[in-house]
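The structure appears right after this line, and notes come after that.
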Amino acid sequence: MFLTEEENRKLTQVGPGTPGGDLLRRYWHPIAGLHQLTDDAPTAHVRLLGEDLVLFRDRSGHVGLLADHCSHRGASLLYGRVEERGIACAYHGWLYDTEGHCLETPAEPADSRFHLTVRQRAYPVDTLLGLYWAYLGPTPVPPIRRLDVANYPVEAIMEMAFEANWVQVVENNMDGTHIGILHQATTTRNGTIRNTTRGIVDEIVSLDYEEVQFGIRRKMVTADSYVEDDPLVFPNMLRRITELSIKVPVDDTHTRKFVVYVERERNGHAGDQHPVDYYVMPRDEGKSGAGRYPAVNYRMDKLRYQNLMAIETQGVFAPRDNWHLATGDRGVALFERMILREMDRIQEQPEYDPIGVVRDPNVVIDTNYEFFRHAGGNTTGPQGIKVYSRPAVDGESRVPSEPALGRWR
Amino acid sequence: MFLTEEENRKLTQVGPGTPGGDLLRRYWHPIAGLHQLTDDAPTAHVRLLGEDLVLFRDRSGHVGLLADHCSHRGASLLYGRVEERGIACAYHGWLYDTEGHCLETPAEPADSRFHLTVRQRAYPVDTLLGLYWAYLGPTPVPPIRRLDVANYPVEAIMEMAFEANWVQVVENNMDGTHIGILHQATTTRNGTIRNTTRGIVDEIVSLDYEEVQFGIRRKMVTADSYVEDDPLVFPNMLRRITELSIKVPVDDTHTRKFVVYVERERNGHAGDQHPVDYYVMPRDEGKSGAGRYPAVNYRMDKLRYQNLMAIETQGVFAPRDNWHLATGDRGVALFERMILREMDRIQEQPEYDPIGVVRDPNVVIDTNYEFFRHAGGNTTGPQGIKVYSRPAVDGESRVPSEPALGRWR
Amino acid sequence: MFLTEEENRKLTQVGPGTPGGDLLRRYWHPIAGLHQLTDDAPTAHVRLLGEDLVLFRDRSGHVGLLADHCSHRGASLLYGRVEERGIACAYHGWLYDTEGHCLETPAEPADSRFHLTVRQRAYPVDTLLGLYWAYLGPTPVPPIRRLDVANYPVEAIMEMAFEANWVQVVENNMDGTHIGILHQATTTRNGTIRNTTRGIVDEIVSLDYEEVQFGIRRKMVTADSYVEDDPLVFPNMLRRITELSIKVPVDDTHTRKFVVYVERERNGHAGDQHPVDYYVMPRDEGKSGAGRYPAVNYRMDKLRYQNLMAIETQGVFAPRDNWHLATGDRGVALFERMILREMDRIQEQPEYDPIGVVRDPNVVIDTNYEFFRHAGGNTTGPQGIKVYSRPAVDGESRVPSEPALGRWR
């Protein structure tokens with residue numbers, strides 16, 4: 001038994017006031033695409049860390065994120081009217097600015113100061129990589145984390161939903177060995193598998209997981225000297241090739257994955273603009289039937305459906321007290337220990353900044369995108385979170401050419 | 001905080017044995033249209049105050065309301081066969097009359113007196129205004145309340161379902177200010193709103209709520225001397241213009257609204273006959289998506305959808321401990337205080353008749369339909385529940401001409 | 001009150017560790033048709049007694065039944081790859097044989113002995129009457145019970161699901177009187193019913209239930225000397241005419257009925273082969289609407305829909321503490337007392353073999369199919385579980401000719 005039932009619950013809870021919810025609230029999370037707020041549709045419903053929220057853009061262009069239910073009598077602000085100064089509840093017109101101040105209560109007497117006593121729960125919003133991001137944690141609010149990949153133009157964004165707790169979705173990344181088994185039929189190099197039992201797992205020469213400054217580094221070396229150094233920016237952002245994959249905890253049993261594909265060259269762009277394409281995977285893509293496993297059936301003919309099956313059939317909360325972890329799961333175990341450790345540190349010392357939080361706005365988290373881009377060899381940088389690359393062979397560039405479908409995955 | 005969480009639960013529960021359920025059981029409630037029982041379909045399922053019931057008409061024409069599950073082994077009486085003497089369970093033929101007496105148990109020996117020991121839960125049924133009504137409370141059973149509007153022919157009936165507790169649906173009526181905000185775009189007089197923040201709320205000169213003999217009187221005076229005096233016959237019947245709107249508690253989280261439209265003239269009719277039209281609003285009219293908010297989206301282009309949005313997005317139980325009531329909510333506050341007070345009186349003194357119960361079958365509850373009909377001015381009658389009218393101006397009748405869509409609402 | 005609420009719960013629970021689950025685990029249960037495992041679809045999901053399981057056939061032809069979730073990290077084995085030696089989890093390739101031994105963990109080091117510490121929950125599988133059967137109980141595993149009807153060719157199999165606890169479904173068989181009421185319109189001999197209240201119940205001259213060696217014998221004699229002796233092989237298999245009807249507890253609130261129709265003559269076959277036809281009744285056949293009663297409506301024009309209505313509208317757990325049993329329910333009462341008694345005996349004495357368990361592989365349970373086949377008269381055999389037959393009259397064979405639709409049923 002790796003975790004007790006109680007530790008497992010602690011590991012996976014994301015709501016307000018839980019240790020997990022406290023930890024996750026120390027980080028900014030993407031919540032919507034920039035295209036989702038328009039003049040015609042200036043509000044969007046957001047569920048994040050178990051909280052129902054409304055994202056809006058007022059007629060002055062300010063973007064805010066407020067608790068869904070109006071402080072007055074609880075009608076949803078999703079149907080609010082945006083005005084110059086903020087958003088007004090459709091029911092009785094209580095008007096809020098992006099900081100949650102109540103500016104007006106139209107039905108109260110002209111000299112009423114009642115609105116001064118009202119404060120709607122409000123969270124800061126920022127933009128990065130074609131997405132709106134939110135911070136639900138305590139002050140002082142840290143700056144949104146800057147990443148090296150954010151300097152490149154965003155090519156496309158893909159959104160995908162999981163009926164599962166967020167930890168399972170990240171664990172699938174901290175687990176290099178499943179690639180050689182689960183994806184063997186869709187990722188083989190030579191087109192045939194000699195032994196389905198072992199798949200292509202024996203092509204992995206070494207596989208290491210190491211805690212580094214901003215998270216976890218996975219370094220995998222294969223039989224033909226190919227090296228993958230996927231960095232996990234703690235707790236939920238993985239850079240692989242040209243993609244940044246972010247797993248957002250919606251609530252205890254739902255996760256939303258945003259995958260941002262950046263371009264390889266700047267081509268004169270400064271980065272961080274609207275993406276060219278924004279793709280939302282339909283809820284029933286890759287599975288049929290209503291409800292949850294075993295009521296639904298999964299397709300197995302694409303890599304992303306294979307992962308969906310593996311993650312969702314573990315259960316919406318995987319019961320880790322029943323698991324049997326082995327040496328191949330050392331990345332998973334490291335990730336879970338780090339989560340539990342950071343939770344404990346926050347509980348003991350509320351002013352503690354957990355791993356990966358950055359206070360200096362000038363710091364850029366280096367996921368070694370430059371190394372990858374130039375693909376000059378197996379490089380390990382000084383900070384730990386490092387290189388994804390492979391040696392150039394025979395003068396041929398063998399960097400994977402499709403952003404969504406790398407060689408191994 | 002207006003109510004504690006505990007008071008809120010007490011306010012909203014409707015099941016047997018709860019204070020709210022006890023209070024609501026002192027009143028008759030409409031349960032079905034008269035057209036719903038026919039020779040071909042002589043039974044109908046009814047859910048009222050958290051109880052599953054079967055309404056039926058036997059071959060002698062008697063109408064009864066019994067507990068859904070047969071006393072024998074619990075099969076549904078909805079599939080029972082109606083006969084001369086009552087309804088027989090389809091499973092083993094136990095035959096019940098409209099009072100719940102078991103008249104026969106066919107499989108028992110010929111001389112068996114076992115059926116005399118069986119009693120199916122049964123409730124009295126009566127008819128009024130084109131509807132079947134039921135009384136689920138203690139004896140002595142009060143007469144069904146007579147209303148002035150019941151003397152006029154019923155033009156149409158509309159049924160509509162809410163995924164919300166009944167108190168929220170009535171509160172929307174005890175709340176005159178929302179009209180000027182929520183419905184501003186669909187009810188404007190002049191076609192344009194100068195200021196969406198304030199909508200047309202500033203046209204309200206005065207707005208008063210007063211407890212009166214049978215319930216609550218709302219009196220609203222507008223800038224052009226228009227007067228509305230909507231009477232709420234406690235706890236759940238509102239007369240507005242030519243309509244009587246009745247909110248029936250189905251269970252703690254569902255409400256069914258019956259709106260009865262009566263004609264303005266008797267035209268020789270004695271009243272209380274079958275309506276000409278009976279309209280059941282489809283469950284998905286005005287909203288799209290499955291389940292509950294936020295999984296569903298509401299249309300906002302009709303008054304009734306606007307109300308549906310406001311009521312349902314408060315949550316199936318509005319958490320009133322989070323509300324911030326202001327002076328504009330004094331009607332809501334009065335209504336809730338009256339409910340809680342009447343609950344307490346019944347608990348203290350079971351023989352107490354709560355407000356609005358009428359024992360004298362000759363008393364007619366005067367909702368001042370006559371005043372409205374003649375529309376002669378701003379009149380206040382002696383009993384409190386009174387007048388809906390507006391002054392005739394320039395010899396022109398300005399009484400709203402459409403029953404379903406009054407000027408303000 | 002026949003049973004207390006607590007006794008009722010005890011009667012109906014089927015999960016691991018409950019008294020009911022312990023009792024039901026002493027018997028083999030059918031889980032799937034033989035046709036359901038093929039080379040192209042070698043796995044099937046099975047839910048039995050509250051456990052989620054995966055049935056599979058490996059490439060050597062061995063059939064196994066394993067716990068659904070892999071011991072490693074819990075992904076479903078339904079998506080496993082079958083190989084020569086067993087089934088390999090799709091996620092990381094842990095390979096299990098039909099006994100649950102873990103043969104290989106591909107991602108572990110070459111010299112790892114870790115797999116020797118892993119054991120997947122596994123249950124024995126056998127075949128009979130065109131079906132796969134499973135045994136989920138303690139060792140020593142009894143042989144699958146042999147039945148006289150199993151010597152005849154299987155003509156067809158029908159599967160049908162109930163949204164109800166299994167006890168209700170069997171009770172419907174231990175209840176001869178409902179036939180004369182519930183099915184009166186679909187089973188009358190003369191085409192007309194004189195009195196719908198009594199249906200054809202008065203044609204029953206005598207109706208007895210008796211505990212016998214392997215279960216319960218129901219003997220019904222009708223006015224025209226027709227005799228039915230339906231044997232219930234405890235706890236859930238009924239032979240009627242040429243059919244064997246088996247009610248399998250899926251979980252506390254779901255039951256799956258398998259009806260096996262055997263032929264009247266061997267015609268050179270040894271029996272127990274694949275059936276000619278396999279029919280799965282669609283979930284929505286006979287009812288419309290989503291969810292459970294009262295959200296669904298039942299058709300009443302076929303015998304099987306009538307039973308579906310009667311069983312499901314009792315509720316997913318019939319609340320027997322509200323029932324009023326009469327003399328017509330003596331078969332139901334006998335059945336329930338036997339279940340509770342056998343549960344208690346197992347709890348007191350775990351090595352006790354409950355009624356109907358057979359240890360001697362040479363014993364054939366005699367449901368008197370031979371007597372029925374020859375239909376020579378009202379015969380009572382020595383063992384109790386006996387004859388279904390009627391006297392030949394006027395030289396005419398009056399044995400019912402349609403397997404699925406006997407005269408009374």
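First the proteins, then the strands, lettered A, B, ... as listed; each starts at 1.
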So the salt bridge (charged side-chain N to carboxylate O under 4.0 Å, His left out) pairs with at least one residue in residues 282-301 of chain B (sequence neighbours excluded) are B:E163-B:R292, B:K287-B:E312, B:R299-B:D301
Between A:A90 and B:M309, the two heavy atoms sitting closest are CB-CE, 3.9 Å
Bottom line for B:A310: the part with an atom under 4.5 Å from chain A's heavy atoms is both
Quiz item: Does any non-hydrogen side-chain atom of B:T313 lie less than 4.5 Å from one of A:Y91?
Solution: no
- Can you tell me if A:Y79 uses its side chain to pair, donor with acceptor, with the backbone of B:Y298 under 3.5 Å? yes
Okay, A:R47 and chain B: the region with an atom under 4.5 Å from a heavy atom over there is neither
What one should report as the nearest heavy-atom pair of A:F114 and B:L325 is CZ-O, 3.5 Å
Between A:E104 and B:T197, is there a side-chain donor-acceptor contact under 3.5 Å, judged purely by atom types and distance? no
Whatever's closer than 4.5 Å to a heavy atom in chain A on B:Q168 counts as neither
Notebook entry, point to check: Are side-chain N/O atoms of B:D175 and A:H92 paired as donor and acceptor at under 3.5 Å?
Noted result: yes
Whatever's closer than 4.5 Å to a heavy atom in chain B on A:A88 counts as neither
Between the CD atom in A:E108 and the OG1 atom in B:T177, the distance rounded to the nearest 0.5 Å is 8.0 Å
For A:G74 and B:W323, the nearest pair of non-hydrogen atoms, with its separation, is N-NE1, 4.1 Å
Between B:N297 and A:H45, does any side-chain donor sit less than 3.5 Å from a side-chain acceptor?
no
To the nearest 0.5 Å, atom CD of B:Q314 lies from atom NE2 of A:H72 at 9.5 Å
Residue from B:D202, B:D329, B:L207 scoring the most non-hydrogen pairs under 4.5 Å with chain A is B:D329
Minimal heavy-atom distance between B:T327 and A:P109, with the atoms involved, is OG1-CD, 3.5 Å
Rounded to the nearest 0.5 angstrom, the CD-CZ distance for B:Q184 and A:R81 is 4.0 Å
By residue number, those in residues 51-70 of chain A with heavy atoms under 4.5 Å from heavy atoms of chain B are A:D52, A:D68, A:H69
Between A:P106 and B:R198 the two heavy atoms that sit nearest each other are O-NH2, 2.8 Å
